Amino acid sequence: MSPQKWIIRDLLAVTTDYLRKKDIDSPRLCAELLLAHQLKTTRIKLYLDFDQPLNERDINEYRSLIQRRLRREPVQYITGVQEFWSMEFSVGPQVLIPRPETEILVEETLSILKGKINVCETTKASVLDVGTGSGAIAISVAKELPEADVWGCDVSADALEIAMSNARRYGLENRVRFIESDLFSSFDDSQLFDAIVSNPPYIPAEDYGALPPEVGQYEPRTALDGGEQGLFFINKLILEAKAFLKPGGRLLMEMAPFQTAKTMDLIAQTGFYTEQKIIKDYSHKERVVVARKP
Ligand code: GLN
């Protein structure tokens, strides 16, 4: 077949086959997402235009997108977007790609802050997202709670640029204050929060080499590497967050299921918090630990 004769249906079928043979996960989805991206359209539209012939330029450019995917670059860095909390977030190699399991962290944060808004309407409920990356958590909370005071911080200025562009995309740029800060280094205790939420780097350094290439070779190591047992930042958050929480405020941290028990011990050992609990994600895996300051 000459390149000019390709129609969407055939190109997707052949590409899917090829990706499958090269062991790429979800080959059909990948073929569709990248073709929709190349044609500046949606996956649904591809099906409506199944018999549409493609021009040579689109085919060539699509081929180079497929080549990038074969080098294990994540689809989201090729298309530049990832959906989270029903919004589309810009992503790039400066930031971790938001994961669906992190939505449970947003949900739990919302339920805590909603309680605060109802109880005490005179002071604004406030939340800080530590290590905000693409801004996914902070922006989702700001969207859901127009009354809340939302902050996001990150050690990476490049990540914050992406976070701010994501906030602008949803008209929330005046709702989230993004600050460059290594954990709490740019904060002082004149600013206290009802909730401090974080999806910190929690991959054990010793497991880093075994990560899939999509993660280990493409996503930012500063957003993933949690040091020994992956607990370095979790432990720092437990020790440092207390000084930035209002009385009754909560610390919420995402982690891997195998880290929750140890985290509960670390929290108990500090004596800084009264209540603490583990929350499961939508796949029934222990994913979030919440601790309450007295
Ligand atoms: N959920 C990510 C992964 O398992 C890790 C995210 C993180 O370290 N915060 O790939």
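Every number for a ligand or one of its atoms is a count from 1 in the order of the listing. Residue numbers count from 1 along this sequence. Because the structure is a prediction, the values reported are computed rather than measured. Side chains included, hydrogens not; waters and symmetry mates left out as well; all remaining heavy atoms used.
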Exercise for the section: Given side-chain contact (heavy atoms from CB on, under 4.5 Å), test Ile278 with Val288 step by step and report yes or no. Expected result: CA-CA 6 Å; Ile278 299 172; Val288 170; over 6 Å; no
Between the side chains of [Y] and [X], is the shortest nitrogen-to-carboxylate-oxygen separation below 4.0 Å, so that they form an ion pair?
{"X": "Glu214", "Y": "Arg72", "result": "yes"}
{"X": "Lys277", "Y": "Glu108", "result": "yes"}
{"X": "Arg287", "Y": "Glu107", "result": "no"}
{"X": "Glu73", "Y": "Arg68", "result": "yes"}

Put together the list of close N/O pairs, under 3.5 Å, between ligand 1 and the protein, could you?
from: ligand 1; atom 1: 1 (N); to: Tyr202; atom 2: OH; distance (Å): 3.1
from: ligand 1; atom 1: 8 (O); to: Tyr202; atom 2: N; distance (Å): 3.0
from: ligand 1; atom 1: 9 (N); to: Asn199; atom 2: OD1; distance (Å): 2.8
from: ligand 1; atom 1: 9 (N); to: Pro200; atom 2: O; distance (Å): 2.6
from: ligand 1; atom 1: 10 (O); to: Arg99; atom 2: NH2; distance (Å): 3.2

Handout entry: Centroid-centroid distance, Phe184 to Phe244, less than 6.0 Å
Key =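 Yes - the distance between ring centres of Phe184 and Phe244 falls below the 6.0 Å cut-off.
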